[in-house]
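To start, the structure under review is shown below, and the notes come after it.
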Amino acid sequence: DVKVTQSSRYLVKRTGEKVFLECVQDMDHENMFWYRQDPGLGLRLIYFSYDVKMKEKGDIPEGYSVSREKKERFSLILESASTNQTSMYLCASSPWTTGGDTQYFGPGTRLTVL
Amino acid sequence: SQQGEEDPQALSIQEGENATMNCSYKTSINNLQWYRQNSGRGLVHLILIRSNEREKHSGRLRVTLDTSKKSSSLLITASRAADTASYFCATDRGADGLTFGKGTHLIIQP
């Protein structure tokens, strides 16, 4: 079974703090994704990565950055957290294909920024 | 931008009844997928249907795809309380992965 883990289920941070959300997958998948999920807005893609050290902006990259130093790990960074970044953050991975393949999700991190 | 849009936004039925959810999308696709999310958890892949397929089954799930109408439906037969969850359709966006709809929240009343 594919396993995608996220470092925290719940996180509370203060405005202006630097926040790291970690995601690890154990299936040697090439593709990894970060989404945020908000009521009424569904899932929105923040960043994704096709390979180590590669990253691509999704639909809402502002205020975020990512790091992929190893194939199995994809980190989402909030350089200076703001209250409008309070959300559920979901990480996913998929094998490399021509695109649009099944994605495997982690359990999510619910981040609250005070 | 949102590609898939689910309908209805919320659905409440009695246990044992069938639940039908619909998804409409705007542009051409290679495949369409359905995912389930239990409250406060990650998404779980249910089924994938390719653009050259019209119907697909998996257990109590039946998915149809009508590319001429740019729509898909997910039918859950003989619903159970454990089927209570949010259901999302997702359309492929080529090399950039998937675009998810806003979901249908399904409640199964015991």
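Throughout, a chain's letter reflects where its sequence line sits, starting with A, and its residues are numbered from 1.
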Sorted by chain and residue number, the side chain to side chain donor-acceptor pair (under 3.5 Å) partners of B:Asn38 (sequence neighbours excluded) come out as B:Arg36
Provide the closest heavy-atom pair for A:Thr102 versus B:His45 in the form atom of the first, atom of the second, distance. CG2-CG, 3.3 Å
Provide the closest heavy-atom pair for B:Gln37 versus A:Leu90 in the form atom of the first, atom of the second, distance. NE2-CD1, 4.1 Å
Which atoms of A:Gln37 come close to chain B, meaning under 4.5 Å heavy atom to heavy atom: side chain ones, backbone ones, both, or neither? side chain
Applying a strict 4.5 Å limit to non-hydrogen atoms, the region of A:Gln103 in contact with chain B is both
Honestly curious: do [X] and [Y] fall in one hydrophobic cluster under the side-chain, below-4.5 Å linking rule?
X        : Y        : answer
A:Phe105 : A:Phe33  : yes
A:Leu43  : B:Tyr35  : yes
A:Ile46  : A:Tyr104 : no
A:Tyr89  : A:Ile60  : yes

Find the one option among A:Met88, A:Arg9, A:Glu56 whose heavy-atom pairs under 4.5 Å with chain B are most numerous. A:Arg9
Counting the benzene-type ring for Trp, do B:Phe88 and A:Tyr35 have ring centres under 6.0 Å apart? no
Tell me, do A:Arg44 and B:Thr99 make a side-chain contact under 4.5 Å, heavy atoms counted? no
Hydrophobic cluster (4.5 angstrom, side-chain heavy atoms) - remaining members for A:Val24: none
